[in-house]
Every structure is written in C-alpha cells, then in structure tokens.
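Notes follow once the structure below has been shown.
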Amino acid sequence: MLQQTQVTRVIERFEPFMTRFPTPAALAQAEEETVLALWQGLGYYRRARMLQRAAIDIVERFAGEVPLEVPSLMSLPGVGRYTAGSIASIVGKARTPIVDGNVSRVLARLYEDDRPPDDPEVVSDAWARAEQLVDACLDPATLNEGLMEFGALVCTPATPQCNICPLQDQCAAKAAGRQREIPVAKRQTKKVTMHHHAIVIRRGGKTLMHRRAKGGLWAGLWQAPAIETGRRLTTTSLLEASELPLADVEYLTSTTRLLTHRRVHLHVHRGVLRPRVRCPQGADQRWMAALDLEAAPLSNAAREVLGLAAEMK
DNA sequence: AAGGCGTGGGA
DNA sequence: TTCCCAAGCCT
C-alpha cells in the first residue's frame, strides 16, 4: 500500500484490509473483486492484484509464511528491491539497505549529488551509499525506518528544515547552499488529454454499471458505461457511438481528474433507455442498487461521476 | 528504458 | 491555478 502512497493515506486503509485478510492464505482465497473493493480509492490498483498473486505464491511456494530474505521477497509479484529490503530489514532484521523517494532525496543532499535522480547510474550509486550506511549502523531496521522518516519530516522536498537538522554540519548540499535545488526535479511525463463520456442510466432505483477491461487505467473497476476518446463528442455522436439501446442522452456536467500521466475530462450524461428493451447483463455489465454500489470496487473518478449525476437530478 | 499506472495534500 | 510528489513496480 505504501508504494507511491503517503503514510497518512495508507493508515485508514490498513486496518480494514488486515482485518478482512489477516493471513496470506485468507488473501489468496479471496475473490479479486473483494480485494479491489478494499483497495478502492487508494489508486494504483495493479498493486492489489499483484498483492493477491503474491499471497497465492506465498501459500504455494513458502508454506503460507512470508519469506524474509531479499531474493525470495523479490520473486513475489509487486515486490521490488525497495519493498523486499524494507520487509527483510524491518521485519527480518536483515542488514540490507533500502532506497525510497525519501532516502534518495536525503542521500542526494548529503552528498550534493545534482544528477537526475532517476538515471540508472545515480540510482545505483544511491543504493551503494545506502548499503554503506546500513553496513556501518547499529540497527538496520532503525536506520532504514529512520532515513525514510527523516526524509518525510525534516529533509522534505520543497523546504527542508535545515535549522533543526542533526546532519546540517555534514550535509554537502547545505554547505554549498544548494539544499533547495537538490535533488533536481524529475522529468515529468506529459499529460495526455482524454475525454470520457459517461452515461448514467437508472431504472427502478438501480444504475447500469460496466466493468473496465483487465488492463490499463482503473483496470477491472466498475463505472457508469462510458465512451472514451481523444476529443470531446457531441451528444449526437455519443448517442451514435454507444452500443447501448438508448433513446436519448442528456448532457449534465463535466469535471476533470489529473492523473500522473493523463488529464481526464469526465463528461457526465444521463441516458434514457428505449422503452421495454432489456439491457444484457453479464460478467461485465450489471444493474446495481445503492448497496451494490457501496460494496463494488469503483475508482474515485467513477464515484464522482455518479455523485454529480445524482446532484443534477 | 521510458512510460503506464491514482489520488490527494501542500507549496 | 498549477505543479510537485508520495515507504515503486512492471513491461
């Protein structure tokens, strides 16, 4: 959960998830939809699927016990060098380094490393420096947690608290007065603009919902049926493009979501089915009552769309 | 190896 | 408003 996600955001999700899935075996046996439901709103939903696959692996290959060695951990889906190092050092007490976003920043400043932090050679150097520290330290678990916490609370990205920093006399960036400009900003991926034309259809207190494809954005999550294009559609062309048996669509409102790599304009419509037609239900299309919607895995974007449609009623 | 993959808080 | 960035990983 903590991969690319702030601690404060994870805290509220951790207990419910662990209560529902207290062991790898419990997670391994669950329906994917149940796992996604407890993950909804957290983002990066692939993590949830990979975590469940890791649980299955742990049951099958490690007798249900989470391995505590870096190579075994890294053989699990979704577990990279950082996650493996964290578990091995903090849980397994192994003398192994970790480099996350925080540690990377702390080290860059400490050594006045002004190279682009995502460059493979710079990453490799950061791991080597972290390894030096963990080899020299008293307690690897405390060092690793401490480095991350230090980065999150003191050696922060925009305005580091150098005045209270215990390393201010040893920091090369501070000595050069460059702590604000190191590390250099990562190159941002350009946001591609997308238009999602959502059609909210209600009948008898239920809402027609559609499950997104297994790959790509919001994979496997539910949403109001939508047409996704690079350019905005008129209601007329939307009506033509939709495969639903619609009598009419009415435009309600729009909103925008900014993702890491995408700017998604969500255009909310109300759809009216042709009278007396049946909407085919299947694995990927269902009528959902309010209670179903609560329990189903929806992205926050999909929930916003439903909320906006309800407001405009 | 560069880009896909969410969401929200803070500057 | 807009941009940056989070306890990264996979392809």
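Nothing here was measured: the structure is a model prediction, and the numbers come from that model.
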Indicate, with yes or no, if the rings of Trp39(A) and Phe17(A) have centres closer together than 6.0 Å.
yes
Duplex segments of DNA chain B, taken as runs of at least three Watson-Crick or G-U pairs that stay under 3.5 Å
B:2-5 with C:8-11, B:7-11 with C:2-6
Do side-chain atoms of Arg263(A) reach the backbone of Arg257(A) as a donor and acceptor pair under 3.5 angstrom?
no
With sugar-phosphate meaning primed atoms plus P, OP1 and OP2, does Met1(A) contact a base, only sugar-phosphate, or nothing at under 4.0 Å between heavy atoms?
nothing
Determine the interatomic distance between P on dA7(C) and the same-named atom on dA11(B); round to the nearest Å.
14 Å
Starting from P on dG8(C), measure out to CE on Met50(A) and report it in whole angstrom.
13 Å
Does Arg81(A) make a cation-pi contact with Trp127(A), if we ask for NZ or CZ under 6.0 Å from the ring centre and within 45° of the axis?
yes
For the CZ atom of Arg232(A) and the OG atom of Ser254(A), what is their distance to the nearest 0.5 Å?
4.0 Å
Distance-only, no hydrogens or angles: does the Arg95(A) side chain make a donor-acceptor pair with backbone N or O of Cys137(A) under 3.5 Å?
yes
Taking Thr19(A) for the side chain and Glu15(A) for the main chain, is one N or O donor matched with an acceptor at less than 3.5 Å?
yes
Would Glu33(A) and Arg286(A) pass as an ion pair if we require N to O under 4.0 Å?
yes
Rounded distance in Å - CG (Leu76(A)) to C1' (dC9(C)):
13 Å
Report which part of the nucleic acid Arg13(A) touches: base, sugar-phosphate, or nothing (heavy-atom distance under 4.0 Å, all strands).
nothing
Atom-to-atom span, CG of Asn144(A) to C1' of dA7(C) - whole angstrom
11 Å
How close or far is atom P of dG8(C) from atom CH2 of Trp127(A), stated in whole angstroms?
11 Å
For every nucleotide of nucleotides 6-11 of chain B, 5' to 3': is a protein heavy atom under 4.0 Å from its base (B), only from its sugar-phosphate (S), or from neither (-)?
BBSS--
So, does Arg109(A) use its side chain to make a donor-acceptor pair with the main chain of Gln179(A) at under 3.5 Å?
yes
Figure out the CZ/P separation between Arg49(A) and dC9(C), and round it to whole Å.
17 Å
What integer distance in Å separates Tyr82(A):OH from dA7(C):P?
8 Å
Are there more than 12 heavy atoms of other residues, nucleotides or ligands under 6.0 Å from atom CD of Glu12(A)?
yes
Expressed in whole Å, how much space separates the C1' atoms belonging to dA1(B) and dG8(C)?
16 Å
Per Ala185(A) side chain, nearest of listed nucleotides dA7(C), dC9(C), dC5(C):
dC5(C)
Spacing of Lys214(A) atom NZ relative to dC10(C) atom P, expressed in whole Å
18 Å
Rounded distance in Å between the P positions of dT1(C) and dG6(B):
25 Å
So Val103(A), base contact, sugar-phosphate only, or nothing? Heavy-atom distance under 4.0 Å.
nothing
Can you measure Lys190(A) atom NZ to dG3(B) atom C1' for me and round it to whole angstrom units?
13 Å
Can you confirm if the aromatic rings of His195(A) and His267(A) lie within a centre distance of less than 6.0 Å?
yes
